[in-house]
Visitor: 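If you scroll down you'll find the structure; I have some questions about it.
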Protein chains: 2
Amino acid sequence: MKIIGVNIKRLREEQGITLRELAKRLNVSASLLSQIETGKASPSLSTLKNIADNFGTTIGELVGEGQKPVENPVVRKQDRKTIKDMAKGMRLFLLSSPDPNKQMEPLLFQLEPKSSSGDSMYKHFGQEFILVLKGTVEITLNDTKYILKKGDSIYFNSSIPHAFRNIDNGLSEALWVDTPPTF
Amino acid sequence: MKIIGVNIKRLREEQGITLRELAKRLNVSASLLSQIETGKASPSLSTLKNIADNFGTTIGELVGEGQKPVENPVVRKQDRKTIKDMAKGMRLFLLSSPDPNKQMEPLLFQLEPKSSSGDSMYKHFGQEFILVLKGTVEITLNDTKYILKKGDSIYFNSSIPHAFRNIDNGLSEALWVDTPPTF
DNA sequence: CCCTTTGTCAAGTCTTATTTAACAAATACT
DNA sequence: AGTATTTGTTAAATAAGACTTGACAAAGGG
């Protein structure tokens, strides 16, 4: 995990602070920090957490999750890939090219009148964000139902059982971003 | 970091696999895995990486970054908070309530004709996703310029120097999600 | 009932994270 | 110039704790 050291060093130098100074803040020896930055030692989780906190970042960032370059950044409207086998009357469009390094998964979904995500509720790791672009969507979190009209948005943890349903007479459309990617 | 063990145990049980079986796959003793799951020991980074890989997830998820419940999930169109002090002619609306546990930051930005993000380019940790909802936006990654029309989207690493500019005669509007949150 | 399988615990081993102390190279001060 | 002070790095020693072994009780399964 050499990337850890590189990231730490970069953050440190961005703040223009010295290795010894950072070591003091973290309550570790300058030597250890040097070894970590040069990849000669691997920090314990607790010191890694300290480092992340100190820089206001996360362990995930430090270990380089989702750091690698993403190719083919742009997806044109007409080139969107579709995902089919979901619930009936529901269309899903990928708004980004598949890439294992992506942290987020942006999707556009279209719901025919009366269509829904099905009877069982979803529940998984990560978080989700939904912005309604057209129509009206009912979103259920646990037992609570939220009615979202065009322009309304919602943000929740995917570990909360969730489901959604089009309650508009016409087509409903929403942008959906979740993390981590599932497709 | 007791949360690590809880997450691992949950993932393991979701797969319906036994503690000993998982231990074998990871090349560690069942005892160690038990101690980790019950929070009596903290895994080294290398074994934690193995665990994350095994479940097709990330270290970040395992350490519980962005797992805690999010309150007040819904943001109504009329209740959106605005961020001002950005570049001139540029308006930013928060599409989610501030929450330190959020992994993503969904924003709506409106660009007056000829407005841009400024002369210097942005460069920071994380990733970004942009979907153009109205008008035409020019996005620069390193030296490459991309013209995005309504419905086009782009996904890139924030560590790539980036900037954007409205090249439409009218107002341009785009949805912008980045990770981790900066506001 | 016996036999296997489940997860956990105590005690020991051993890797390795971390410290101490010294080093050369660079910067600052006089 | 020279003399400190500060920079990051390294070797060796230490201490912490990750990890193993082996045994245990509880819970099925035959």
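Below, read A as the first sequence line, B as the second, and so on, with proteins coming before strands; counting in each chain starts at 1.
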Visitor: Determine the minimum heavy-atom distance between A:Leu111 and A:Met90, stating which atoms define it.
Guide: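 Heavy atoms of A:Leu111 and A:Met90 come nearest at CD2-CG, 3.4 Å.
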
Visitor: Quick check: does any side chain N or O of A:Thr47 sit under 3.5 Å from a backbone N or O of A:Pro43, one acting as donor and the other as acceptor?
Guide: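 Looks like no, no N/O pair under 3.5 Å.
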
Visitor: Quick one: side-chain hydrogen bond (donor to acceptor under 3.5 Å, both in side chains) partners of A:Glu21, sequence neighbours excluded?
Guide: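 If we apply the side-chain hydrogen bond (donor to acceptor under 3.5 Å, both in side chains) test to A:Glu21, skipping adjacent residues, the hits are A:Arg25.
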
Visitor: Could you report the tightest heavy-atom contact between B:Thr136 and B:Ser172, atom names first, then the distance?
Guide: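 Looking at all heavy atoms of both residues, the closest pair is N-OG, 3.0 Å.
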
Visitor: Whole Å only: how far is the CD1 atom of B:Ile4 from the P atom of D:dG17?
Guide: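 Value for this atom pair: 14 Å.
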
Visitor: Any Lys/Arg nitrogen of A:Arg91 or A:Glu112 sitting under 4.0 Å from an Asp/Glu carboxylate oxygen of the other?
Guide: yes

Visitor: Which of these, A:Lys150, A:Gln110, A:Lys134, sits in a side chain to side chain donor-acceptor pair (under 3.5 Å) with A:Glu173?
Guide: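 Answer after filtering A:Lys150, A:Gln110, A:Lys134: A:Gln110.
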
Visitor: How far apart are the closest heavy atoms of A:Asp152 and A:Ile147, and which atoms are they?
Guide: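 That would be OD2-O, 4.3 Å.
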
Visitor: Roughly, in whole Å, what's the span from CD in A:Glu21 to P in D:dT7?
Guide: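 A:Glu21 atom CD is separated from D:dT7 atom P by 9 Å.
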
Visitor: In what stems does DNA chain C take part, counting only runs of at least 3 consecutive Watson-Crick or G-U pairs whose two distances fall under 3.5 Å?
Guide: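 Stem list for DNA chain C: C:1-5 with D:26-30, C:7-23 with D:8-24, C:25-30 with D:1-6.
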
Visitor: For A:Ile8 and D:dG8, what is the distance between atoms CD1 and C1' respectively, to the nearest whole Å?
Guide: 15 Å

Visitor: List the atom of B:Ala52, the atom of B:Thr58, and the distance in Å for their closest heavy-atom pair.
Guide: CB-C, 3.7 Å

Visitor: Does A:Glu37 have any side-chain hydrogen bond (donor to acceptor under 3.5 Å, both in side chains) partners at least two apart in sequence or in another chain, and if so, which?
Guide: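 A:Arg12.
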
Visitor: At under 4.0 Å between heavy atoms, which parts of nucleotides 4-19 of chain C does protein reach? Answer with one letter per nucleotide, 5' to 3': B base, S sugar-phosphate only, - none.
Guide: --BBBBB------SBB

Visitor: What residues form a ring-ring contact (aromatic ring centres under 6.0 Å, His included) with A:Phe109, not counting sequence neighbours?
Guide: A:Phe164, A:Trp176

Visitor: Tabulate atom names and distances for all N/O pairs under 3.5 angstrom spanning the protein and nucleotides 26-30 of chain D.
Guide:
none

